[in-house]
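Notes for the one structure printed next.
Note that this is a predicted model, so its numbers are computed, not measured. Keep in mind that the numbers below use all heavy atoms, side chains included, and drop hydrogens, waters and symmetry copies. The sequence lines fix the lettering, A, B, ..., with proteins before strands; numbering per chain opens at 1.
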Amino acid sequence: MKELAAKYSAKEVEDKWYAYWLAHKFFHSEPNEKQPYTIVIPPPNVTGILHMGHVLNNTLNDVLIRKARMDGKNACWVPGTDHASIATENKVVAKLREQGIRKEDIGREEFLKHAWAWKEEHGGIILQQLKKLGCSCDWDRTRFTMEPALSEAVINTFVYFYRKGWIYKGVRMVNWDPEALTAVSDDEVIHKDTQSHFYHLRYYISDGNGNPTDKFLVIATTRPETIMADAAICVNPKDERHFWLKGKKVLIPLINREIPVIEDDYVEMDFGTGCLKVTPAHDVHDYEIGLRHNLPVLEIIDDHGKLNEKAQILVGEDRFVARKKIVKMLEEAGNLVKVEDYTSPVGYSERTDAVIEPKLSAQWFLKMESLAATALETVLSGRTNFIPEKYVNTYRHWMENARDWCISRQLWWGQRIPAYYLPDGSFVVEATPEAALKAAQAINPAIKAEDLKQDEDVLDTWFSSWLWPISVFDPEKPGHPEHQPNKDLAYYYPTNDLVTGPDIIFFWVARMIMAGEEFMGKEPFSNVYFTGIVRDKIGRKMSKTLGNSPNPLDLIDTYGADAVRIGMLLCSSAGNDIFYDEAQIKQGAAFCNKIWNSYRLVKGFQVADIPQTPAAKLAIEWFAAKLSETIAQVEDHYSKFRISDALMAIYKLFWDDYCSWYLEAIKPAYGQPVDPATQKATLAFFESLLKLIHPVMPFITEELWQDIAERKEGETIMYAPTPKAEAFDPAVLENFALAAEAVNGVRGVRAQRNIGPKEQLNLKVKAAAFPCIPLIEKMAGVTVELVDGLDDAQGVGFLVRTTEMFVKLEGLVNVQEELEKATKELERFKGFLQGVRAKLSNEKFTAHAPAQVIENERKKEADALSKIETLEAKIAQLKK
RNA sequence: GGGCGGUUAGCUCAGCUGGUUCAGAGCACCUGCCUUACAAGCAGGGGGUCACUGGUUCGAAUCCAGUACCGCCCACCA
C-alpha cells in the first residue's frame with residue numbers, strides 16, 4: 001500500500017480481497033481433526049434477490065462463522081438456494097402469461113422446461129449478491145433443494161414415511177382461487193374487512209314427510225347461495241330457546257330438501273339467531289361439524305365458482321350472481337325475514353384478488369403426533385436453545401397442537417409425489433417408476449408401464465428444506481435409516497447455530513428438528529437465533545409495493561459492505577424488529593473512516609531511538625488492561641448471542657479508548673518521532689483491534705492487516721487467532737479512570753472559560769500523591785502540582801472523587817460564581833448524606849440487609865462527609 | 001376470542017439471581033473548535049416520576065396483581 005488517502009474508499013478494497021479469499025479457498029472446509037463449527041444457510045428462494053432481511057440474516061451468519069474460524073474451529077458455512085415451489089411457479093406463470101401462454105395449454109413437461117430455463121437465467125443471482133456482502137460461504141458446497149440428489153432425498157423420505165404408515169391421503173378444505181384455478185396456502189390468503197349483508201332466512205319445520213308445517217326457525221347467513229348444500233341446522237345444546245327443535249327436521253327453502261337439527265358447542269348462542277346452517281362442502285368450520293356429526297358433503301360450487309347441477313336451481317350461475325338472484329327468490333317465497341348490513345373479514349387471493357372459496361380436495365398428509373412430541377422434547381430439554389428464549393413458549397404451544405402436515409401442492413414446480421395409480425384407482429408408492437411398475441405388477445401382473453399414472457401434485461417446499469441440515473452433506477441419508485452417514489455428515493452434523501426469522505419457526509425450524517431427530521437421532525443444531533423483521537424508520541414492514549426497501553447493493557456501492565454490515569448490526573438485538581435507517585449505515589461508514597485514519601496516524605510515525613515518555617508508558621500499561629477487559633466482555637456477549645452488544649463494546653474500545661485516549665496519550669508533538677517500544681506496542685494493539693472487529697468488518701480489516709506488517713501471499717486475517725484476554729491488575733484501570741476524571745475536569749474548565757487546548761495551564765492537586773500524573777499533563781495540557789492547601793483564590797476548582805483540584809487562572813475568575821457553584825454542590829451532598837444516614841439509622845435496614853450492602857452505605861457516608869468537609873473549606877476560603 | 005411478549009432519554013435499545021451514586025449506551029440534539037490521523041472529526045453539555053394503580057419488602061426499573069396501550073402467533077363467530 002502506498003500513501004494512505006485521507007478518506008477510506010471501500011470500493012477499491014472490497015472486490016480485491018473477496019477475490020483473494022476465493023482464490024485461496026479460505027472459505028472451503030473439509031473434515032479434519034479440528035472441532036467443527038457448522039452453519040447451513042437458510043436457503044433463499046432460488047430466483048429471489050437480496051433484500052434487507054437477507055442482509056441482516058447473512059451478516060449475522062457471517063459474523064458467527066468468521067468468529068469461529070478465528071477461534072480455531074473448522075468453520076463451514078454451507079450455502080444454497082430453495083426451489084420455492086409456489087413463488088417460483090408464480091413467476092414462471094406470470095412470465096408465460098405475458099407471452100400469452102397458459103400453463104394448462106402447454107402441459108406439465110413443457111412448463112417445467114420453461115421453469116428450469118427461468119431458474120438457469122435468474123437462479124443464484126442472490127448468491128452472487130451475498131459475495132458482495134462479504135459472506136464467507138463454502139461455495140464449493142453450494143446446494144439447491146431441487147438438484148437431483150436432494151430431490152431423491154425428498155422422494156426417499158416420502159416413501160420412508162409412507163411405509164412407516166405416517167403418510168396418508170385425506171380430504172381437506174383448501175383455499176381455492178377460482179380465477180387461478182389452484183389451491184393457495186393460508187399465507188397467500190389476505191383477509192379484508194368486507195361490506196356485505198347478513199340474511200335472516202326462515203326454514204320451516206318438516207312434518208316428517210317433507211312437507212312444511214307452520215313452525216319455523218330463523219338462521220342468519222352471509223352466503224344464501226349455499227343453502228342448497230346445507231346438511232343440517234345446528235344449535236347450541238345449552239340454548240333453551242331452541243330446546244323445542246331437538247330431533248326435528250327442517251326444509252331447505254326453495255328446494256324443500258329435508259335436513260336434521262343437530263347440536264354442537266361450536267354455535268355461539270349470542271351471535272346471529274343462535275341457529276347455524278351447516279354447509280360442510282363450502283365452509284371450513286361447517287366441514288368440521290360435519291365430520292363430528294357424520295353429515296353428508298354436497299358440493300354445489302365448481303372450480304370456477306359457479307353453481308353446478310347439484311344445486312338444483314341457478315345452475316351455471318356465478319356464486320355472486322347467484323347470491324343476488326337467490327335473495328330475490330327467497331323474498332318472493334317468503335323465506336327472507338330481514339337483511340342487515342354486515343362487515344366481516346373475507347379471504348382474498350393474494351395474487352388474483354378473487355374471493356377465496358373453501359373447497360374440499362384430496363391431499364397428502366404426514367402425521368405429526370410422534371414427530372412433534374420428539375421435536376418438542378428436543379427444545380424443552382435444552383438440546384436446542386432458542387434465542388431469545390421467549391420463542392420456546394410459542395414453539396411449545398404449536399407443537400402440542402400440531403395438526404397433520406398437508407404436504408401436497410397443486411403445482412408442477414417441485415418434487416412430484418411418488419404415488420402411482422393403477423387403473424382401478426388403487427395406488428402404490430415407490431421411489432422410481434420402475435419400482436412402482438414392479439409393485440403394481442405384484443398386485444396385478446397385467447399392468448404395463450403406461451397403465452400407471454403418477455400423482456399430479458408436488459410436495460410442499462418445506463418437505464425438502466426440512467432435510468437441509470442433513471441433505472446438504474449426505475443426500476443419501478434421509479429416508480434410509482440403515483445408511484451410515486458419510487464422512488461429511490458424520491463430521492459436520494449436528495450443525496451449531498441457525499440464524500433465521502421467527503416467521504418460519506414452524507414451517508422450517510420445527511420441521512428440521514423433526515427430520516433431524518427422525519433420521520439422525522440428534523438435533524440438527526444447538527442454537528437457533530431468531531432475528532427480527534426489518535422495518536423502515538417509521539415501523540412499516542419493508543415491501544416492494546411500499547417501495548420503502550432500499551436495494552442493499554446500492555447501499556454497498558455507496559457506503560461499502562463493512563458499513564452496511566455495521567449499520568444492520570448496530571440496531572439488532574435478538575428477537576427485536578430492526579428499524580432500518582440509513583443513518584446507521586452512515587455511522588458504519590464513519591467508523592470505517594475512523595479506523596482508517598487511526599492507522600494513518602500510526603503509519604506516519606517517525607521512529608527514533610529515544611526514551612519512552614512516562615505518559616506513553618502509562619498509556620500502554622492502561623490500554624493493555626483495557627483491551628483484556630473488553631475482550632472478556634466481548635466473549636461474554638458472543639456466548640449469549642448479543643452480537644450488537646459485542647460490536648458496541650469493540651466500537652467503543654476502538655473509538656473512545658484507543659483513538660481518543662490512547663493515541664492522544666502516546667502521540668508525539670508535531671514533527672517529533674516516537675520511541676520504538678511505543679511504536680511496537682501501538683501496532684500490536686492495532687492488530688488486536690483489527691482481529692477483534694474482523695468478523696463484523698471483514699474487508700477494511702484485511703486491507704489494514706495486510707499493510708501493518710510484511711505478509712506473504714496466502715496469509716489472511718481470516719485465520720488470525722482471536723485475541724485472548726490476559727490477566728491484568730484492576731488498579732491500573734482504576735488509576736486511569738481517576739486521571740481521566742481529572743483531565744475531564746480541566747477540559748470542563750477550558751470549555752467554560754473558553755480557553756483553547758493549546759494554552760498550557762497549571763493544575764494544583766490537593767493531595768500527597770495522585771495516579772498517572774504524566775498522563776494528566778499530556779492529555780489536559782497542564783502542569784500538575786501536588787499541594788497541601790489551596791490558598792490562591794485566583795482560579796477554578798473541581799472535585800475528583802474526594803480530591804480537590806484547582807486550575808490557576810490569573811484574573812479570570814469570578815469568585816461569586818465559584819462560591820455559588822460550591823454552595824450548590826454542598827447542598828447536593830448534604831442531601832445525599834441525609835438519605836444515606838436515614839437508611840443507616842433504620843433498624844430494620846441494618847437488621848435485614850446483608851453486610852456487604854451496609855458496608856457500602858457506610859462508605860457512601862464517609863465519602864459524602866469527606867466531600868462536604870472539602871467543600872466547606874473551599875467556601876470558607878472563597879469568602880475570605 | 002386464545003396464547004406469548006413488550007411499555008426505561010427525541011429515536012433504537014441495555015439493565016442477568018431486588019441493594020455499588022442505578023437511572024445507562026449508541027444515535028440525534030445544543031455550545032465551542034477546520035487544534036497537520038480523521039469536520040465521516042475534536043472537546044464540552046442538556047435530557048427520563050423506568051406506562052398507570054395498588055401490593056410484597058428495611059429497600060422495587062427489577063417481584064406479584066390489576067388497568068391502559070403496542071406488537072407477534074394462532075383461531076378468525078355463521
Spacing between [X] atom [atom1] and [N] atom [atom2], to the nearest angstrom:
X: A:Y395; N: B:G3; atom1: OH; atom2: C1'; result: 17 Å
X: A:N393; N: B:G71; atom1: CG; atom2: P; result: 21 Å
X: A:E389; N: B:U17; atom1: CD; atom2: P; result: 11 Å
X: A:Y8; N: B:C38; atom1: OH; atom2: P; result: 18 Å
X: A:R396; N: B:G5; atom1: CZ; atom2: P; result: 10 Å
X: A:W398; N: B:C4; atom1: CH2; atom2: P; result: 19 Å
X: A:Y580; N: B:C13; atom1: OH; atom2: P; result: 16 Å
X: A:Q587; N: B:G26; atom1: CD; atom2: P; result: 10 Å

Heavy atoms only, 4.0 Å cut-off, all strands: where does [X] land among base, sugar-phosphate and nothing?
X: A:G745; answer: nothing
X: A:V267; answer: base
X: A:A583; answer: nothing
X: A:C659; answer: base
X: A:K586; answer: nothing
X: A:E855; answer: nothing
X: A:D503; answer: nothing
X: A:A751; answer: sugar-phosphate
X: A:S598; answer: base
X: A:R223; answer: nothing

[X] side-chain proximity, nearest of [options]:
X: A:N597; options: B:C38, B:G5, B:A43; answer: B:C38
X: A:T221; options: B:A40, B:A78, B:A37; answer: B:A78
X: A:R600; options: B:A37, B:A78, B:G41; answer: B:A37
X: A:K390; options: B:G5, B:A37, B:G3; answer: B:G5
X: A:L276; options: B:A43, B:A75, B:A78; answer: B:A78
X: A:E664; options: B:A37, B:C73, B:U35; answer: B:A37
X: A:N593; options: B:A40, B:G41, B:C4; answer: B:A40
X: A:N744; options: B:U35, B:G41, B:G44; answer: B:G44
X: A:R403; options: B:C42, B:A75, B:A37; answer: B:A75

Gap in Å between the two [atom1] atoms, one belonging to [N] and one to [M], rounded:
N: B:A14; M: B:G48; atom1: C1'; value: 15 Å
N: B:C70; M: B:C29; atom1: P; value: 30 Å
N: B:C22; M: B:G59; atom1: C1'; value: 13 Å
N: B:C58; M: B:C69; atom1: C1'; value: 34 Å
N: B:G19; M: B:U35; atom1: P; value: 48 Å
N: B:A39; M: B:C34; atom1: P; value: 13 Å

(message) Does either side chain, that of A:D707 or that of A:Y599, offer a donor lying less than 3.5 Å from an acceptor on the other one?
(response) yes
(message) Can you confirm whether the side chains of A:K652 and A:T630 place a donor and an acceptor under 3.5 Å from each other?
(response) no
(request) Give me the ring orientation class for A:Y658 and A:Y662: parallel if the planes are under 30° apart, tilted from 30 to 60°, perpendicular past 60°. (result) parallel
(message) Can you tell me how the ring of A:F641 sits relative to the ring of A:Y529, calling it parallel under 30°, perpendicular over 60° and tilted otherwise?
(response) tilted
Partner nucleotide, any strand, of [N] [Watson-Crick/G-U, under 3.5 Å]:
N: B:A28; value: none
N: B:C58; value: B:G19
N: B:U36; value: none
N: B:C50; value: none
N: B:C4; value: B:G71

(request) Using the ring pair (Phe, Tyr, Trp, His ring centres under 6.0 Å) rule, pick out the option among A:F507, A:Y391, A:F506 that qualifies with A:W398. (result) A:F506
(request) Of all the heavy-atom pairs spanning A:T500 and A:I504, show the shortest one and how long it is. (result) OG1-CD1, 3.2 Å
(message) Any side-chain to backbone donor/acceptor pair from A:T273 onto A:V218? Under 3.5 Å, distance only.
(response) yes
(request) Kindly say whether A:Y287 contributes a backbone atom to a donor-acceptor pair with the side chain of A:H282 at under 3.5 angstrom? (result) no
If you restrict it to nitrogen or oxygen atoms, what contacts under 3.5 Å exist between nucleotides 57-61 of chain B and the protein, and what is each distance?
{"from": "B:C58", "atom 1": "O2'", "to": "A:N842", "atom 2": "ND2", "distance (Å)": "3.1"}

OP1 or OP2 of [N] sitting under 4.0 Å from any side-chain N/O of [X]?
X: A:S644; N: B:A14; answer: no
X: A:W655; N: B:C42; answer: yes
X: A:N401; N: B:C74; answer: no

(request) List in chain and number order the residues that pass side-chain contact (heavy atoms from CB on, under 4.5 Å) with A:E855, two or more places apart in sequence or in another chain; answer none if no residue qualifies. (result) none
(message) If you assign A:R642 and A:G274 each to the RNA chain B nucleotide with the nearest heavy atom, which residue ends up on the more 5' nucleotide?
(response) A:R642
(request) Please figure out whether A:F506 or A:A220 has its closest RNA chain B nucleotide nearer the 5' end. (result) A:F506
(message) My understanding is that only residues two or more places apart in sequence, or in another chain, count here; which of them pass side-chain hydrogen bond (donor to acceptor under 3.5 Å, both in side chains) with A:H848?
(response) none
(request) List for me each residue that meets side-chain hydrogen bond (donor to acceptor under 3.5 Å, both in side chains) alongside A:N335, sequence neighbours excluded, and say none if there are none. (result) none
(message) Tell me every residue that passes ring-ring contact (aromatic ring centres under 6.0 Å, His included) with A:F386, counting only those two or more places apart in sequence or in another chain.
(response) A:Y395, A:F530
(request) Any chance you could measure A:L690, atom CG, to A:S598, atom OG, to the nearest 0.5 Å? (result) 8.0 Å
(message) For RNA chain B, which residues of residues 645-653 of chain A approach it to below 4.0 angstrom with any heavy atom?
(response) A:M648, A:Y651, A:K652
(message) My understanding is that only one of A:D562, A:I693, A:I700 makes a side-chain contact (heavy atoms from CB on, under 4.5 Å) with A:F591; could you say which?
(response) A:I693
